[in-house]
Amino acid sequence: MTGFTVCLVLVVAAVGLLRWRRPAWYWLIFGVALAVVRVLVRYGSVMDACGLTVPPARWRLALARATNRPIPGPRAPRILRLRPTRTGLVVRLKLRPGQDAFDIAAASDRLRHSFSMYGVTSRELRSGVVEVRMTGYDVLKRVQMPAETETRPMRVPVALRQDGSVHYRDYRAIPHALTLGATESGKSVYQRNLVAGLAPMDVALVGIDCKQGVELFPLARRFSALADNPDTAADVLDALVARMERIYQVIRAQQRIAADVPDADIAADIWDLPSDLRPTPVVVLVDEVAELALYANKDEEKRRDRIITALVRLAQLGRAAGIYLEICGQRFGSELGKGITMLRAQLTGRTAHRVNDETSANMAFGDIAPDAVLAAIQIPAEMRGLAIAGDSSGGWHRIRAPHTSLRQAVNICNRHADRTPDLPELAPFRPTLYGSADAPSPTAKPSPATA
């Protein structure tokens, strides 16, 4: 008996240690079975207690009275499918007549407590069908991306959502995005994951880093153009505008609008062009956009207006030409001058890491998802990388990118350096790679001709 007790104590201790140190393993070994039994056993009573049941139909009552049977009780939504996942459970429900998807969403916190799950979210799949996603543990505490993700052109898995699903940055669905975050909030790690995800794709990367290039220049082997000061950034943006105009001429020449041309063959953007004529898409990453909007004298003000005008033109017209903007900064509001609010209106995707004040959160979500503002200002300082992601549809999610060190991002970019395209418009801004045979040493003083 003593040996059995010792073994039982060791097993319980091992299970507790596993749940603490490896929650994902604990969930897959023990948590899934316990959660499925808990949901199935408690389902009817929990739905009744949460007010998610409807009275029985009149014909059922009449049939019960006619056959002298017991009166049927209230009916809960019918379970269409219950599917375990690596992070929780996915339950698909068929709503009863008179119920609404908002009822399930409003009761999500009560369902979380009743089923002893870590989190519960819901979304409407179609009329009368709601998908409820339950997470068994805190998936954002130690982010582990799934081994297999959906691969699609211009679609990058960059983070994990709170419900356990993968958060993708889909440039064809959301062409331009804004990323805000205070210092040490995880904004740079999110940007590294984005570059690392884009590196294996057939895409040109253009970087504008006015902090003397300390964030983006280590990844230079995968960039077709890099600018480390506002003057060079203005020239790069002008070159991109010229490229956009040239691509529109190519699309116009290939439209061939005639009565006998099928609708699918009419080109309206680069993705409608034949593969042999399709230009390389370009992703423009701007780090610390405020440095491009600040000025101290008249000459810098003219340069600033030139930069903002080019950014607004690319945001308004660049999607069809395959030019996408990824703008990052600590603050982004009307105090940066004219044209900023016009630019922000074109940035559909919004991501906010930890911010220092409520005004910064309002800059990101105040015009699209006001309820996400409160979630953004509640991000704790010790949870680096935790962010709120939303878009113009009003929906938002808590996400966290996996930690990617600068060395890991550099290795990925170097591994795929052969995919870096040479664009004629951006050739003068191709970064110089120190250490190559034809590149000067970073400590050597440049000659007058080189300068």
Side-chain angles (χ1 to χ4, degrees), residues 153-156 169 171-172 175-177 191-248 250 269-271 273 275-289 292 307 310-311 313-315 317-328 406 409-440:
M154 303 305 297
R155 192 167 186 253
V156 184
R169 177 69 179 93
Y171 286 94
R172 296 186 63 177
H176 314 300
Q191 194 177 57
R192 288 175 204 160
N193 279 277
L194 197 60
V195 175
L198 290 170
M201 299 184 180
D202 294 326
V203 59
L205 300 180
V206 175
I208 297 177
D209 183 5
C210 291
K211 294 188 298 185
Q212 297 299 314
V214 295
E215 293 287 349
L216 297 181
F217 265 77
L219 316 174
R221 290 185 181 274
R222 188 55 185 85
F223 277 76
S224 298
L226 274 172
D228 61 353
N229 59 79
D231 292 324
T232 308
D235 296 335
V236 169
L237 292 173
D238 288 342
L240 288 172
V241 171
R243 173 181 172 82
M244 178 182 67
E245 294 173 350
R246 183 182 62 82
I247 291 176
Y248 275 126
V250 175
D269 56 28
I270 66 169
W271 304 105
L273 295 174
S275 57
D276 57 334
L277 296 177
R278 183 180 303 151
T280 303
V282 179
V283 175
V284 184
L285 295 103
V286 180
D287 190 78
E288 293 300 343
V289 66
L292 301 178
I307 290 174
L311 284 174
R313 293 188 66 187
L314 291 174
L317 308 174
R319 181 203 62 82
I323 300 177
Y324 309 103
L325 298 181
E326 195 75 34
I327 296 180
C328 303
L406 186 58
V410 168
N411 291 341
I412 293 174
C413 290
N414 292 346
R415 191 181 310 127
H416 300 283
D418 57 325
R419 289 183 173 272
T420 305
D422 292 320
L423 305 183
E425 300 88 352
L426 302 176
F429 311 103
R430 186 74 180 262
T432 301
L433 304 178
Y434 295 117
S436 59
D438 55 345

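- Considering all non-hydrogen atoms of both residues, Leu273 and Leu277 come closest at CD1-O, 4.1 Å.
- A distance of 13.5 Å separates CG of Leu216 from CZ of Arg222, quoted to the nearest 0.5 Å.
- For Arg313, the CZ atom sits in a loose shell: 12 or fewer heavy atoms of surrounding residues, nucleotides or ligands are nearer than 6.0 Å.
- Here the straight-line distance linking atom CE of Met154 with atom CG of Asp202 works out to 10.0 Å at 0.5 Å rounding.
- Under the 4.5 Å side-chain criterion, counting only non-hydrogen atoms from C-beta, Leu226 is not in contact with Asp209.
- In this structure a side-chain-to-backbone donor-acceptor pair under 3.5 Å is present from Arg419 to Pro200.
- Taking every heavy atom of both residues into account, Pro431 and Ala220 meet most closely at CG-O, 3.6 Å.
- Atoms CG and CG, from Leu240 and Asp235 in turn, are 11.0 Å apart once rounded to the nearest 0.5 Å.
- Remark: Phe223 engages no residue in a ring-ring contact (aromatic ring centres under 6.0 Å, His included) (not counting sequence neighbours).
- The nearest pair of heavy atoms linking Val195 to Cys413 is CG1-SG, 3.7 Å.
- The shortest non-hydrogen separation linking Pro218 to Val410 is O-CG2, 3.5 Å.
- Taking 4.5 Å as the limit, some side-chain heavy atom of Leu406 sits within range of a side-chain heavy atom of Arg192.
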Q.
Go through it in stages, so that I can follow the logic: the residues are Arg246 and Glu425, the test is side chain to side chain contact (heavy atoms under 4.5 Å, CB included), and I'd like the CA-CA distance, side-chain angles, deciding distance and then a yes or no.
A. CA-CA 10 Å; Arg246 183 182 62 82; Glu425 300 88 352; 2.8 Å; yes
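- Among all heavy-atom pairs drawn from Pro421 and Arg430, the shortest one is O-NH1, 4.0 Å.
- Going from atom OH of Tyr171 over to atom CG of Leu325 covers 10.0 Å, rounded to the nearest 0.5 Å.
- The distance from atom CZ of Phe217 to atom CD of Gln212, rounded to the nearest 0.5 Å, is 9.0 Å.
- Annotation: side chain of Tyr324 is not in contact with side chain of Val203 (no heavy-atom distance under 4.5 Å).
- The distance from atom CZ of Arg243 to atom CG of Leu423, rounded to the nearest 0.5 Å, is 4.5 Å.
- By the salt bridge (charged side-chain N to carboxylate O under 4.0 Å, His left out) test, Asp287 is found to be paired with Lys211, residues two or more places apart in sequence or in another chain being considered.
- For the pair Pro230 and Leu292, the tightest heavy-atom approach, listed with the atom from each and the gap, is CA-CD2, 4.3 Å.
- Remark: side-chain polar atoms of Arg169 are not paired, donor with acceptor, to backbone N or O of Val156 under 3.5 angstrom.
- Contact of the Leu205 side chain with the Leu219 side chain is not registered, since no non-hydrogen atoms from C-beta on lie closer than 4.5 Å.
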